[in-house]
Colleague: 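This is the structure I want to talk about, given as structure tokens.
In this text the structure is predicted, and so the values were computed from the model without any measurement.
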Amino acid sequence: MKKVLILILSLSVFLLGACSMEPPSWAKPSKKGEGEKIKIGLSVSTLNNPFFVSLKNGVVKEAKKRGAEVVVVDAQNDSAKQVNDVEDLLQQGVDALLINPTDSAAISTAVQSANSIGVPVVTLDRSTEKGDVASFVASDNVKGGQMAADYIVEQVGEGAKVAELEGVPGASATRERGKGFHNIADQKLDVTAKQTANFDRTKGLNVMENLLQGNPDIKAVFAHNDEMALGALEAINSSGRDVIVVGFDGNEDAVKAVEAGKLAATVAQQPELIGKLAVGAASDVLAGKKVEKKISAPLKLMVKE
């Protein structure tokens, strides 16, 4: 009889332990259809960049149209902070996550956390290396890099010496824009210098000043985003050199610089459209609809008319 009681107590403890292992209430997302109130978490790499502000605005506007709530967090270009931000969003009980990664590798753990509790993830502008993503919404960065290189060849001729300002190391946009650029540049141009400036205008200026000193013969610069391009342009103007600059994004300052004949060109994205498409993809997933794994937003090379 004593053995039977011990066995019953052991089973009780086991069952209680099993119950305690169930995920908390916030980790049990409910399936919601289109038109129903949903809560979306948006993690942006940085809001200290006009492009990502426009992207955020696109998300907020589309969510409002659909009657959805959006919680926005700014990673401030800190990959560790972004992982913590996403974990916080999950604890707030979001129905879906929209993530614009600071670092495609570092964000993988946060994406996998969302996967483990059934919260769908849509990535914007940059992808993630690991984890299940319902859809990746972005411009074709490889194609954009090729467009930039083709334009530079047209302007300065084959064999010309050029420089490249790279974006944040580890970001998919950095890899893809660089890949597209080099698909053409490695065959038709002489890329004599390249260095990261982390998608930042001030860093673009500082890096360009150094590159100009060490590479007096460069004729053109391709910057992986407009912020770096505008910083590089400032350094070039101060030096009195004749070097054309091509950026990427099509943000407001860059478009104005192109129209004024200062910036040679920018490969223009549509960040608000990317945000809008991402909300649509998340809503469709929550409604049980099938979505494309890659949703592309059109690009356009903007030059002075």
Side-chain angles (χ1 to χ4, degrees), residues 38-66 68 70-79 81-83 85-86 89-90 94-108 110-111 114-115 119-144 167-168 170-177 199 224-227 248-251 267-286 291-299:
I38 62 174
K39 187 175 183 179
I40 297 172
L42 171 63
S43 173
V44 185
S45 60
T46 175
L47 289 176
N48 190 31
N49 182 320
F51 177 83
F52 295 117
V53 172
S54 295
L55 185 148
K56 180 209 73 173
N57 291 341
V59 169
V60 172
K61 288 178 183 178
E62 183 63 18
K64 186 177 181 180
K65 285 182 183 177
R66 293 173 179 261
V70 181
V71 181
V72 181
V73 288
D74 178 6
Q76 299 172 10
N77 272 333
D78 183 331
S79 57
K81 181 180 185 304
Q82 185 166 44
V83 171
D85 285 347
V86 172
L89 288 172
L90 291 174
V94 295
D95 297 296
L97 271 173
L98 306 185
I99 304 176
N100 160 238
T102 294
D103 184 294
S104 300
I107 199 61
S108 297
V111 173
N115 295 159
V119 175
V121 177
V122 175
T123 50
L124 297 79
D125 189 55
R126 304 169 187 167
S127 63
T128 177
E129 287 190 1
K130 296 179 181 178
D132 181 29
V133 172
S135 188
F136 170 41
V137 185
S139 304
D140 187 336
N141 283 311
V142 174
K143 182 178 179 181
V168 174
S172 59
T174 299
R175 295 195 304 269
E176 292 164 5
R177 293 173 191 183
F199 291 132
H224 288 191
N225 82 337
D226 286 335
E227 288 298 290
F248 199 122
D249 279 345
N251 72 30
V267 180
Q269 300 192 79
Q270 300 186 65
E272 280 208 21
L273 178 59
I274 291 173
K276 176 181 177 180
L277 293 172
V279 172
S283 298
D284 285 346
V285 172
L286 290 172
V291 298
E292 297 293 328
K293 278 290 187 181
K294 173 71 185 289
I295 299 174
S296 296
L299 288 168

Colleague: Is V279 close to L98 at the side-chain level, that is, under 4.5 Å between some pair of heavy atoms?
Modeller: yes
Colleague: Going from CD on Q270 to CG on L55, what distance comes out if it is rounded to the nearest 0.5 angstrom?
Modeller: 12.0 Å
Colleague: Do any N or O atoms from the side chain of R126 and from the backbone of P101 form a donor-acceptor pair under 3.5 angstrom?
Modeller: yes
Colleague: For the NZ atom on K130, are there more than 12 heavy atoms of other groups (residues, nucleotides or ligands in this structure) within a distance under 6.0 Å?
Modeller: no
Colleague: Indicate the atoms forming the closest heavy-atom contact of A297 with L273, along with that distance.
Modeller: CB-CD2, 4.2 Å
Colleague: Once you round to the nearest 0.5 Å, how far does CG of L97 lie from OG of S43?
Modeller: 8.0 Å
Colleague: With heavy-atom distances below 4.5 Å as the criterion, would you say the side chains of S283 and I38 are in contact?
Modeller: yes
Colleague: Might you confirm whether atom CG of N57 has over 12 heavy atoms from other residues, nucleotides or ligands at distances under 6.0 Å?
Modeller: yes
Colleague: About how many Å separate CG of D78 and OG1 of T46, when rounded to the nearest 0.5 Å?
Modeller: 10.5 Å
Colleague: Does the side chain of D85 reach to within under 4.5 Å of the side chain of L89, using non-hydrogen atoms?
Modeller: no
Colleague: With a 4.0 Å cut-off, would you call D125 and K56 a salt bridge?
Modeller: no
Colleague: For E292 and S135, which heavy atoms make the closest approach, and how far apart are they?
Modeller: O-OG, 2.7 Å
Colleague: Can you tell me how far apart CG (N77) and CG (N49) are? Round to the nearest 0.5 Å.
Modeller: 8.0 Å
Colleague: Which pair of non-hydrogen atoms, one from G167 and one from T174, has the smallest distance, and what is that distance?
Modeller: C-OG1, 3.2 Å
Colleague: Does the side chain of S172 reach to within under 4.5 Å of the side chain of N141, using non-hydrogen atoms?
Modeller: no
Colleague: Holding to salt bridge (Lys or Arg N to Asp or Glu O under 4.0 Å), I want the full list of residues that pass it with E129, two or more places apart in sequence or in another chain.
Modeller: R175
Colleague: So, do N115 and V111 sit near enough that their side-chain heavy atoms are less than 4.5 Å apart?
Modeller: yes
Colleague: Please report the shortest heavy-atom distance between S127 and S104, naming the atom on each side.
Modeller: O-OG, 2.8 Å
Colleague: As an exercise, state the distance from CD of Q269 to OG of S54, rounded to the nearest 0.5 Å.
Modeller: 11.0 Å
Colleague: Does D226 reach the main-chain N or O of F248 with its side chain, forming a donor-acceptor pair under 3.5 Å?
Modeller: yes
Colleague: Among residues at least two apart in sequence or on other chains, which ones pass side-chain hydrogen bond (donor to acceptor under 3.5 Å, both in side chains) with N100?
Modeller: S45
Colleague: If you compare all heavy atoms of F199 against all heavy atoms of A173, which two are closest, and at what distance to 0.1 Å?
Modeller: CZ-CB, 4.3 Å
Colleague: State the CG-CZ distance between L124 and F52, to the nearest 0.5 angstrom.
Modeller: 9.5 Å
Colleague: Are E227 and P50 close enough that some pair of their side-chain heavy atoms sits under 4.5 Å apart?
Modeller: yes
Colleague: Taking all non-hydrogen atoms of both residues into account, name the closest pair between S79 and T102 and its distance.
Modeller: N-CG2, 4.1 Å
Colleague: Heavy atoms, side chains only, cut-off 4.5 Å: are I99 and Q82 in contact?
Modeller: yes
Colleague: Check this for me: K293, atom NZ, are more than 12 non-hydrogen atoms of other residues, nucleotides or ligands nearer than 6.0 Å?
Modeller: yes
Colleague: Please tell me if the side chains of V122 and V291 come closer than 4.5 Å, counting only heavy atoms from C-beta onward.
Modeller: no
Colleague: Would you say K81 has more than 12 foreign heavy atoms packed within less than 6.0 Å of its NZ?
Modeller: yes
Colleague: Do the side chain of K294 and the main chain of A138 share a donor and acceptor less than 3.5 angstrom apart?
Modeller: no
